[in-house]
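Below is one structure, written out as structure tokens; comments come after it.
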Amino acid sequence: MQLLVKYLKPFWKIIAIILVAHVVQAYSTLLLPTYTSGLVDVGIQAKGFEYAVPLAMSQEDYQNLQSLLENPSQVEKAYYRGTDGVFHLKDQVSSKEQLTSLEEDLAIPLALYQRLVHSDQAQAFSDQTLISKERDALQKQASISGLTYVTSQGVQAAIQMYADAGLNPNKVQFDYLFGKGFLMLGITLVTISSAVLAFYLAAKVGADFGYRIRKQLFDKVLRFSDHEIEKFSSASLITRTTNDVQQIQMMVTLFLRIMIFSPIVASGGLIYLFGIQPNIIWILGLSIAVIAVMVFVLFKLTMPRFRRIQGLFDRVNLIAREVITGIQVIRAFGRQDYEGKRFDTANYELQQNHLFSGRVMSMMMPFMIFVLDASSILIVWNGSQQIAGGTMQVGQMMAFISYSMQILISFVMLSNMSMMFPRSLVALGRIDAVLEEPFSIYDQPQALSLEAKQVKGQVTFNHVDFTYEGADEKALTDIDFVAHPGQTTAIIGATGSGKSTILNLLMRYYDVSEGQILIDGQDIRNLKLADLRRHIGYVPQKGVLFSGTIASNIGFGLPDIEQNQLKEAAEIAHASEFINEKEEGMQAAIAQGGTNVSGGQKQRLSIARAIAKRPEIYLFDDSFSALDYRTDASLRKALNETVKDATVIIVAQRISTILDADQIIVLDEGRIDGIGRHLDLMEKSAVYREIAESQLSQAELAAQAHKQEKEV
């Protein structure tokens, strides 16, 4: 819950408005059963007469009522005689307090009047024995069951007196029903308006919440180093950014709609119930206790499964991405059945967890309906006894049932939310883990900026050691060399010798374990990451293209690049020949991942992208491997003219690519076996000599030796 509050803080103003709207909605909703009760008890049964107080009386009824009062002045103060001879209730006696006070004085006398009028004796009002007997019976009834029964008889007497005065009780009834009905319509409109406002704002907060969380996640992942990506896995990060955020967004919307509104309605309903009939509230308490126990049991059963489900989503997503990415290899090796079974295993486990949660959840709604129905039966049974005893009216029982159902439904809705809540909290915890993950690669507080005019591009590895996290052995040991501007430094070695790791360290995808990497004498850890990478043109081992056009890929990261710069970069990278063959030229579409171009074309576009950047340092991570020898040689020749003032570091598997490099670094199991030019290394490095002799003929080696001796 603390996590939810943490991420909802920016929306507190809107949430405050939602809370006010829910209070208004709950208050107006809770008013309706009271008015419905009044329509039944007063509007229908009592013909619109709300109090056991005659609105008008004939002279005879007035005198008879006075004879039944211990203090006749009570009536004399409240009534006046009109010109028609009828005694009317004074306009001053109109407040609820005044009418209630007068009703308390007149309830028993009016009920007594009603009994005497319907007695068999013609002179009942003069028979003091009968009057005394009936008065005692009414007082006894009132002491046992309260004034409800006595008041209802008094209301009937007031209706009879009104009719005896020559007035129409039906008009009073119509006025009452029309007035209350119109008022209820207004209350309903207020309820609908506040509900619409609350629901709209809740949906808005949910959508904005999802947008912000997705943006925060995406921005965070963009700044992750390879270490953080490997820790969470790319499949899990995608699931967290999509499925998990969707879960939270739905939960936030429902939370603001239901989990705020339901407790308000339940609390207000309980207050109203205590005012109606506190004697049978135990039924509601019992129902709520049963629901609470059921929810607790379901919560304990499903919470572990919900945690597992989110992890299984990651697993299914991971396998699906692997299969789709490697579909050609899978087909080539005929492993469709194997991969299908692997996916089915993960998918089946996810299905079983969903089924278990679904089965548990399916028990909830029938159980809730049973509790609601059982509560209604108990309320009707107890209420009917109260009505028979005169302590409750039919409308009051209807209102009691209505309030009880509203309270119980609120708890049912909260219970349903409590089933969704655990899964959403698990998803929120997974999101929070990403957002709170500290960066392993970050800008130092006093990080320096690199001004373009000041950067020369000299790269120095000063006795660098590096160990991957969790590894037992070092990936690089005592790497020490300098790459000068205007020169090409090549790195060669067996697979796994650490060639690409050197470039990754220079790009600060990882930080060195020991030693320093310097650019123009500045430790790269003291430079701003954005500035560091702005001055480096990086071509990865595997060409990466993005959906868009050829122009957007070459000018990637350079929004203001001009058309002639794009063409120049494409020309140098030898990409113009296939670009010009396309009808759209530079605007030709590139599919996601560059699947609609060949491997060699993809590499040339990646090289063109680095060239268009015009950096001071170029890093080529085996970037010429997909090119044929002729294109490779021609491209490097054109490239040399372009990057003659820059620092160039090339990682290569093909020795022909690096024969003319100014210095060649030979790696062997993470250590430098030799540094020098081709001829030097042929003499000093057995590793280099073995690589050269395995790739080049004796004639080619001799020709290269002759060429370099001539240059010297």
Side-chain angles (χ1 to χ4, degrees), residues 20-53 94-101 103-104 107 145-152 154-155 158 172-195 261-285 287-288 372 375-376 378-380 382-384 386-387 390-411:
V20 172
H22 278 320
V23 170
V24 173
Q25 180 190 356
Y27 179 73
S28 55
T29 299
L30 292 170
L31 283 176
L32 291 175
T34 300
Y35 282 104
T36 303
S37 173
L39 288 177
V40 174
D41 293 338
V42 178
I44 297 175
Q45 291 186 328
K47 291 186 175 294
F49 287 76
E50 295 185 67
Y51 301 93
V53 175
S94 58
S95 69
K96 183 177 180 180
E97 292 76 13
Q98 290 173 319
L99 290 170
T100 301
S101 176
E103 182 182 60
E104 291 174 356
S145 58
L147 284 175
T148 303
Y149 175 76
V150 175
T151 301
S152 63
V155 169
V172 176
Q173 184 179 34
F174 177 81
D175 290 343
Y176 179 88
L177 292 174
F178 182 81
K180 296 298 182 183
F182 189 78
L183 184 60
M184 290 177 70
L185 178 61
I187 293 171
T188 302
L189 291 175
V190 171
T191 303
I192 293 172
S193 300
S194 56
F261 178 69
S262 295
I264 296 173
V265 171
S267 302
L270 284 171
I271 294 172
Y272 275 96
L273 285 183
F274 274 106
I276 295 174
Q277 189 57 260
N279 295 334
I280 56 176
I281 285 184
W282 63 269
I283 299 173
L284 194 62
S287 302
I288 293 172
L372 291 175
S375 301
S376 299
L378 285 173
I379 291 170
V380 171
N382 281 271
S384 60
Q386 301 283 349
I387 292 171
T391 58
M392 180 184 278
Q393 298 186 51
V394 174
Q396 286 181 315
M397 188 181 74
M398 291 174 60
F400 194 97
I401 293 174
S402 180
Y403 284 127
S404 299
M405 291 302 103
Q406 285 182 348
I407 293 169
L408 290 176
I409 289 172
S410 296
F411 275 94

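No experiment lies behind these values; they were computed from the predicted model shown.
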Completion exercise
Minimal heavy-atom distance between Gly48 and Val172, with the atoms involved, is O-CG1, 3.8 Å

Problem - Backbone of Ala52 reached by a side-chain donor or acceptor of Glu103 within 3.5 Å - result: yes

Practice task
Determine yes or no for a side-chain-to-main-chain donor-acceptor pair under 3.5 angstrom, with Ser28 supplying the side chain and Gln25 the backbone.
Solution key: yes

Exercise for the section: Measure from the side-chain N and O atoms of Ser194 to the backbone N and O of Val190, and report whether any donor-acceptor pair falls under 3.5 Å. Expected result: yes

Exercise for the section: State, to 0.1 Å, how close Gln406 and Ser410 come at their nearest heavy-atom pair, and which atoms those are. Expected result: O-OG, 2.8 Å

Problem - Nearest heavy-atom neighbours spanning Tyr35 and Ile187 - result: CE1-CD1, 3.4 Å

Problem - Rounded distance [0.5 Å steps], CD1 in Ile264 versus OG1 in Thr29 - result: 10.5 Å

Problem - Test item: Met184 and Leu32 side chains (from C-beta on) under 4.5 Å apart, heavy atoms - result: yes

Fill in the blank from the handout: Between the OG1 atom in Thr100 and the CD atom in Glu50, the distance rounded to the nearest 0.5 Å is 9.5 Å

Fill in the blank from the handout: Tightest non-hydrogen contact, residues Lys180 and Leu39, listed as CB-CD2, 3.9 Å

Exercise for the section: Taking all non-hydrogen atoms of both residues into account, name the closest pair between Leu270 and Ile407 and its distance. Expected result: N-CD1, 3.4 Å

Problem - Where Val265 and Ala26 come nearest, the two heavy atoms and their spacing - result: CG2-CB, 3.7 Å

